[in-house]
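Note that ligands are numbered from 1 as they come in the structure, with each ligand's atoms numbered from 1 the same way.
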Amino acid sequence: MAADPIHDDVDRVLLDEAQIHDKLTELGRRISADYAENPPILVGVLKGAVMVMADLARRIDLPVEMDWMAVSSYGSGTKSSGVVRILKDLGADITGRHVLIVEDIIDSGLTLKWLLANLRSRGAASVEVCALLRKPEAARVEIDVKYVGFDIPTEFVIGYGLDYAERYRNLPYVGVLKRSVYED
Ligand code: IMP
Ligand code: MG
C-alpha cells in the first residue's frame with residue numbers, strides 16, 4: 001500500500017490531536033473566565049494560526065469577534081528573518097477593544113514583539129497573547145505571553161497550521177520535520 005507522502009516527512013509526532021484539543025479546552029476555559037466581563041476580539045495571525053483559532057474559538061464560551069492579520073517574518077526557510085511586514089491588516093478598529101492575539105508558535109519572538117507594539121499603538125484597551133507553542137529562545141525577548149499551550153524543544157515543527165515551504169499545514173498533529181527534507 002502506498003504511504004501518505006506528507007506523513008513520510010515527519011520524523012516523529014510531538015503532540016497528537018488529543019493532546020492539542022485537551023490543551024485548547026483548558027485554554028478556552030481560562031480565557032472564558034478571564035474575559036467574562038470584556039469579551040475580546042481574537043486576532044489570528046495568518047496562516048499558521050488558522051487551526052488554533054478554529055479550535056480555540058469553539059472552546060470560548062463568550063461572544064468573541066474574530067479578525068485576522070497576515071505578517072511576514074519567514075521566507076520559505078526555517079530561520080526568522082527579523083523583518084516584519086504587514087501583508088493583510090485587520091478589518092476592525094481596535095480602539096478601546098480588548099485584543100487577544102492567537103498565534104501558532106513563538107520562536108525568536110520577533111514577530112510577536114512587533115505585533116504587540118503595533119496593536120498597542122492603535123489604542124486597544126488591552127492586548128494579550130495566546131500561543132499554542134513556544135520554543136526556548138522566546139524566553140530571551142521581553143514579551144509577556146498570557147496563555148501558552150506547550151513549551152517545545154528547539155526543533156522545526158510542522159502540522160496543525162504550521163508549514164515548511166507552505167506544506168504540511170493540514171497534518172492534524174504537530175510533528176518534527178525530518179532534517180533530510182530541508183538539509184542536503
Ligand atoms: P518568530 O518571529 O521567530 O517568533 O517566528 C514567528 C513565526 O515563524 C511563527 O508564527 C511561525 O509562523 C513561524 N515559525 C517559527 N518556528 C516555526 C516552526 O518550527 N515551524 C513552522 N513555522 C515556524
Ligand atoms: Mg505564525
Hey, mind stepping through D34 and Y147 against side chain to side chain donor-acceptor pair (under 3.5 Å) and telling me if it holds?
CA-CA 11 Å; D34 293 351; Y147 309 97; 2.6 Å; yes
Check step by step if side chain to side chain contact (heavy atoms under 4.5 Å, CB included) holds for L42 and I60.
CA-CA 11 Å; L42 305 177; I60 299 175; 4.1 Å; yes
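The contact set between ligand 1 and K135, taken as ligand atoms under 4.0 Å from a residue heavy atom, comprises 16 (N), 17 (C), 18 (C), 19 (O). Applying the 4.0 Å criterion to heavy atoms of E103 picks out, from ligand 1, the atoms 10 (O).
Residues meeting the side chain to side chain donor-acceptor pair (under 3.5 Å) test with T154, sequence neighbours left out: none.
Only the backbone of E155 comes within 4.0 Å of ligand 1, counting heavy atoms alone; no side-chain atom from C-beta on gets that close.
The neighbour count for E142 CD, taken as heavy atoms of other residues, nucleotides or ligands under 6.0 Å away, does not exceed 12.
The shortest N/O to N/O separation between V157 and ligand 1 falls below 3.5 Å. For ligand 1, the polar-atom distance check finds an N/O of G109 within less than 3.5 Å of one of the ligand's N/O atoms.
One N or O on the side chain of R120 and one on the backbone of V127 form a donor-acceptor pair closer than 3.5 Å.
The nearest non-hydrogen atom to atom 1 (P) of ligand 1, considering only S108, S72, A49, comes from S108.
Residue-ligand proximity: D163 is placed with a non-hydrogen atom under 4.0 Å from ligand 1.
Ring geometry, Y160 versus H21: the interplanar angle exceeds 60°, so the pair is classed perpendicular (tilted spans 30 to 60°).
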